[in-house]
Amino acid sequence: MELGSSVLENIAVAGDSSHVPDKLFVPLVTAACQGVLYDEYRNAVAENPAFKDINAASLKAAYSGLVTLAIEAAKCDSNEQNLSTTLEECKYTSDRINDFNKIFLPQKSHIQLLLGKIGSSFPHIVDVDWRLDYYIKNNHLEKIDSPVYLICLHTEMPGEPELKEIQFSCTLEQLQDLVGKLKDATKCMEKIAQV
């Protein structure tokens, strides 16, 4: 789990009893996890009168740090030991580490499911159709004599039932260049898979 220095500082604010009193730590972690899972709880901390004793800037930083930690920990499938190590680095007491783990770990799988539904990925090519056309002449020139390849890529997006088509035309040189780049990309992926 890689967290930036500003995120670690915000997580440390949540763990510091001078910023977040012990009695409000569990409700704050609960609110952070609920804020990740449910839209209606996204601004619940700012509106909650239970947190009125916490400085607004500290509350915002602590909440932000806990939300980021919950998302990153779910994304990396962090276990109790990994979380404890991260929280110890942020100077958490053992009670606060245990409280965080008790609240977060049962909800981790739900957060992971939610994260699985989010994302942008490129379409996957599932089929290719092509056709070779030979242009003899056009409106501007009397004689062209050049082959043109018409390519149609059938693609699918995760979660979408219908295939989409991407169509383009290219010359023989452009097609050879495309094939060469695809071969290079394949070799790179094979090297990465072997590591």
Side-chain angles (χ1 to χ4, degrees), residues 1-124 155-161 164 185 188-189 191-195:
M1 195 170 39
E2 292 187 29
L3 299 167
S5 60
S6 63
V7 173
L8 290 171
E9 289 171 12
N10 290 344
I11 295 169
V13 168
D16 187 354
S17 60
S18 65
H19 292 290
V20 178
D22 289 336
K23 66 179 182 176
L24 296 177
F25 179 73
V26 170
L28 183 62
V29 173
T30 303
C33 289
Q34 288 178 340
V36 171
L37 290 170
Y38 308 107
D39 288 339
E40 60 268 16
Y41 292 109
R42 297 274 155 85
N43 294 321
V45 173
E47 301 163 0
N48 192 333
F51 299 114
K52 69 180 184 323
D53 295 336
I54 301 176
N55 176 337
S58 297
L59 179 63
K60 184 177 179 180
Y63 182 74
S64 168
L66 291 173
V67 165
T68 306
L69 177 62
I71 291 170
E72 284 297 314
K75 184 176 90 173
C76 297
D77 197 24
S78 296
N79 58 23
E80 187 173 350
Q81 183 180 0
N82 295 345
L83 286 168
S84 298
T85 302
T86 301
L87 295 174
E88 284 172 0
E89 290 173 6
C90 293
K91 310 250 189 304
Y92 274 53
T93 63
S94 59
D95 290 339
R96 286 198 177 199
I97 292 172
N98 291 334
D99 289 340
F100 181 84
N101 286 333
K102 283 179 190 173
I103 295 166
F104 168 74
L105 289 173
Q107 298 183 52
K108 180 175 78 167
S109 61
H110 300 292
I111 295 172
Q112 288 173 327
L113 285 173
L114 183 66
L115 291 174
K117 294 178 182 177
I118 299 172
S120 58
S121 61
F122 294 108
H124 298 276
T155 62
E156 69 177 356
M157 284 293 288
E160 292 185 15
K164 295 188 179 179
C188 287
M189 292 304 293
K191 287 180 184 177
I192 290 171
Q194 292 175 357
V195 173

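The residues of the chain are indexed from 1 along the displayed sequence. Note: hydrogens, waters and symmetry copies are ignored here, and every other heavy atom, side chains too, is used.
Ala14 approaches Arg96 most closely through the heavy-atom pair O-NH1, 2.8 Å. Between Ala61 and Asn10 the shortest heavy-atom distance is O-CB, 3.0 Å. Contact between Leu115 and Ile71 at its shortest, heavy atoms only, is CD1-O, 3.7 Å.
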Is there a salt bridge (Lys or Arg N to Asp or Glu O under 4.0 Å) between Asp39 and Arg42 once you walk through the steps? CA-CA 5 Å; Asp39 288 339; Arg42 297 274 155 85; 2.8 Å; yes
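Counting heavy atoms from C-beta outward, His19 and Asn55 have side chains that stay 4.5 Å or more apart. Using a 4.5 Å cut-off on side-chain heavy atoms (C-beta onward), Phe25 and Asp95 make no contact. Using a 4.5 Å cut-off on side-chain heavy atoms (C-beta onward), Asp16 and Tyr92 make no contact. Here the side chains of Cys33 and Ile103 are in contact, with some heavy-atom distance below 4.5 Å. The side-chain heavy atoms of Leu3 and Glu72, taken from C-beta on, include a pair separated by under 4.5 Å.
Taking CG from Leu28 and OH from Tyr63, the interatomic distance works out to 8.5 Å, rounded to the nearest 0.5 Å. With rounding to the nearest 0.5 angstrom, the CZ atom of Phe100 is 10.5 Å from the SG atom of Cys90.
Taking the six-membered ring where the residue is Trp, Tyr38 and Tyr41 present perpendicular rings, their angle passing 60° and hence far from 30°.
For the residue pair Asn101 and Ser84, a side-chain donor N or O sits within less than 3.5 Å of a side-chain acceptor on the partner.
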